[in-house]
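Order of appearance sets the numbers: ligands from 1, and atoms from 1 within every ligand.
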Amino acid sequence: MNATSHDAAIALSPTVRYALHGQVAVLFLDNPPVNGLGDTVRAGLHAGIERARGDASVQAVVIIGAGKAFCGGADIRQFNTPAATARPMLRDVIAGIEACAKPVVAAIHGFALGGGLELALGCHYRIAQSEARLGLPEVNLGLIPGGGGTQRLPRLIGVAPALRLIQTGKPVDAAAALQAGLVDAEADAPLLEAALAFARERAGRADHPVAARLPIDAAGVDFDAVRAQLNPKARNVLAQRAAIDSVQAATRLPIEAGLDEERRHFDELVAGDVSKALRHLFFAEKEAPRVAGGTAAASPAPIARVGILGAGTMGGGIAMACANAGLAVTLCERDQAALDRGLGLIRKNYDISAAKGKFDAAGVEQRLARITPSLDLNDLARADLVIEAVFEDMAVKQAVFRQLDAICKPGSILATNTSRLNIDEIAACTARPESVIGLHFFSPANVMKLLEVVRGARTSAEVIATCMAVAQRIGKIPVLVGVCEGFVGNRMLTGYWREAGFLLEEGASPRQVDTALTRFGMAMGPLAMADLAGMDINWATRKRLAPTRPAHLRYSKVADRICEQGRFGQKTGAGYYRYEAGSRQPLPDPVVDEIIEACAREAGIARRAVADEEIVERCMLALVNEGAQIIDEGIAQRASDVDVVYVHGYGFPATRGGPMFYAQTLGLAATLEKIRALQRAHGDHWKPAPLLERLVAQGATAF
Ligand code: NAI
């Protein structure tokens, strides 16, 4: 901050400094990156307030953060560790502030989030810079504020606005905070000076507001109605319910009892599997874009113009994602009709978004103006990055890449959106294999967050770094994967679908398989998903891989038989289910039941009642076992990346953290035991992944 403060500063703890500015004591929080309220920050704050209370020359206190923000809240790295519960707790720190007769001012820049805002709520006054954001985002991690936020906020700004802020977890800016009464002033001078002036002015007053002692008025708030509006499928529904209960407790109980009630809810949530899973994902998503090892040093090249080849399902969605992020796009097709169809769909999708209020009509035009249609591949010459999304056929892709290699400027990146083809074989037909990479988007590409960035054997570190950066720029979570059949996500599906097929033969119906898995939390069952994706794609893959499939590994013929009848899923009106014209509603089909029974007979299987638990266990463990193999082979950089892939690309429930995290909640030893039992009962496709065996032998509890 300024020179005098540094000169006279005393370190109260490794992360908190104390300095006198005339008659105002300033407490500097300095715990990078976001001044999280770890044990040393709490201890320093507590000591600082005590010191100011005991110094007769001090008339007021300012708490301010060093670095980019006031305070980002609890130090979530310390959750479930002894440091998290070391005294003083945030509650003790705030009790000290509230007991202080001298005014304490929170000076907020950057953001005050979670425990950071709760600390500020415990102060007598809050002053914020105009660009600061204030919020209680705990529900996003399956938690509620645990430092008095649910008790003080409704007293300070009113019950209904407080509920909104806590339940949505969305921060507000300083202007909105000022209007709501959450802050007392916006700082127009440099923050410390403004806070010092504010503190001096307030020091002259006889007494100072304490949020915990303000009266609370619940008139007009119908808590049962708020509960009734909860979406039971929301990933944080438990936390939202606890938030409502805690705010209601604030309206009924004295402050101390209300704080106890809040803490009880918080402790229950923090120890629960759902919040653990959501916190795991929070870190997993932050980690995913990082390139491990040497490539980390490479810096991304600037990307201004993206060329997209193919304006079909994927090309159109990718063009939208890029245009949304302000990138210039050249969208190239092979004939006018296909181009018109693609552009028409893009406009229609944008109009739907505008109708939903995501942007206005001018926003639609702005985005469309960024997309230049073309029928001439030569128009891609200037693109910094070309993403190919033509038919899934190696010969077609290679022909296209040869042309692109000849046309595109040196250094431009040539990417393919292939979902299963070998990137290295595509790269090999160019003179620049170091610039060739896979960018595997998920459908609909303008919506789905996941992007598998597929590094070829010769892809350069700079090209990888550039693609990881551009992915984030267009709002995706990139996961770096290696070349293999199906990369991470689709490769794991093979075993998942294999089990679903066996379960049908053994006695389950398509609907039972899908319902068991949607009850588990999957957004869609595997068979309904196959119908949506198109069963012909897997059929082609099975035919392609047939020559390399080991003879002793049986697979269910059900899917092949369904395809042989021309039933490819929704697009043909029938697959595992039948669909009425214009409907996406899967309906059971006796034709499929007959196919299943015939396949079972041929395979010599006596059909039986299959329990839902068995369906979930076999389908999940198939994902887990293949996931472990993928990690072992280095196809994924880390286990948490596999979780990100499944949650953001395949509808895996976030509340279970992803397949690898789910295995950890089952226990790795228990997981291995179950897989071994399945191997004994069903054969060698259940061979346990060696990584899992090694980890269990070492007594490890995580991948
Ligand atoms: P699509 O059939 O909807 O679109 C392909 C488009 O490419 C067509 O409009 C076609 O006219 C155009 N095209 C073909 N050859 C061309 C050429 N030489 N020059 C310019 N345009 C050409 O196919 P879709 O579904 O968009 O798939 C494209 C790629 O994306 C495939 O490799 C597919 O495996 C992959 N993919 C598809 C996903 C999906 O869910 N549909 C998901 C992830 C990847």
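- Residue-ligand proximity, Lys397 to ligand 1, at heavy-atom distances under 4.0 Å covers atoms 31 (C), 32 (O).
- The backbone N or O of Ala574 sits nowhere less than 3.5 Å from a side-chain atom of Gln565 that would complete a donor-acceptor pair.
- In terms of protein heavy atoms, atom 2 (O) of ligand 1 is closest to Phe391 CE2, 3.5 Å.
- Thr330 and Arg305 share a donor-acceptor pair across their side chains, judged by distance under 3.5 Å alone.
- In this structure, the side chain of Glu392 engages the main chain of Arg420 through a donor-acceptor pair within 3.5 Å.
- Residue contact check: Gly310 has heavy atoms under 4.0 Å from atoms 7 (O), 12 (C), 21 (N) of ligand 1.
- Contact annotation for His440 and ligand 1: only side-chain heavy atoms (C-beta onward) come within less than 4.0 Å of the ligand.
- Between the side chains of Gln664 and His280, no donor N or O sits under 3.5 Å from an acceptor N or O.
- Remark: minimum distance from atom 40 (O) of ligand 1 to any protein heavy atom is reached at Ser443 CB, 3.3 Å.
- A donor-acceptor contact closer than 3.5 angstrom links the side chains of Ser556 and Glu505.
- Contact check for Leu527 versus Leu504: side-chain heavy atoms found under the 4.5 Å cut-off.
- Contacts of Phe441 with ligand 1, taken as heavy-atom pairs under 4.0 Å, involve the backbone alone.
- When Met314, Glu388, Glu333 are checked for heavy-atom proximity to atom 11 (O) of ligand 1, Glu333 turns out nearest.
- With respect to the salt-bridge test (charged N to carboxylate O, under 4.0 angstrom), the residues Arg370 and Glu365 do not qualify.
- At least one N or O atom of Glu392 sits closer than 3.5 Å to an N or O atom of ligand 1.
- Side-chain N/O atoms of Asp589 and Tyr579 include no donor and acceptor closer than 3.5 Å.
- The aromatic ring centres of Tyr662 and Phe520 sit less than 6.0 Å apart.
- If you number the atoms of ligand 1 from 1 as listed, the ones under 4.0 Å from a heavy atom of Gly312 come out as 3 (O), 4 (O), 6 (C), 9 (O), 26 (O).
- Under 4.0 Å from ligand 1, not a single heavy atom of Arg420 appears.
- Heavy-atom contacts of Val400 reach the following atoms of ligand 1: 18 (N) (cutoff under 4.0 Å).
- Comparing Asn490, Asn417, Leu532, Val390 by heavy-atom distance to atom 31 (C) of ligand 1, the nearest is Val390.
- Annotation: atom 5 (C) of ligand 1 to nearest protein heavy atom, Ala389 O, 3.6 Å.
- The protein non-hydrogen atom at the shortest distance from atom 20 (C) of ligand 1 is Arg334 N, 3.5 Å.
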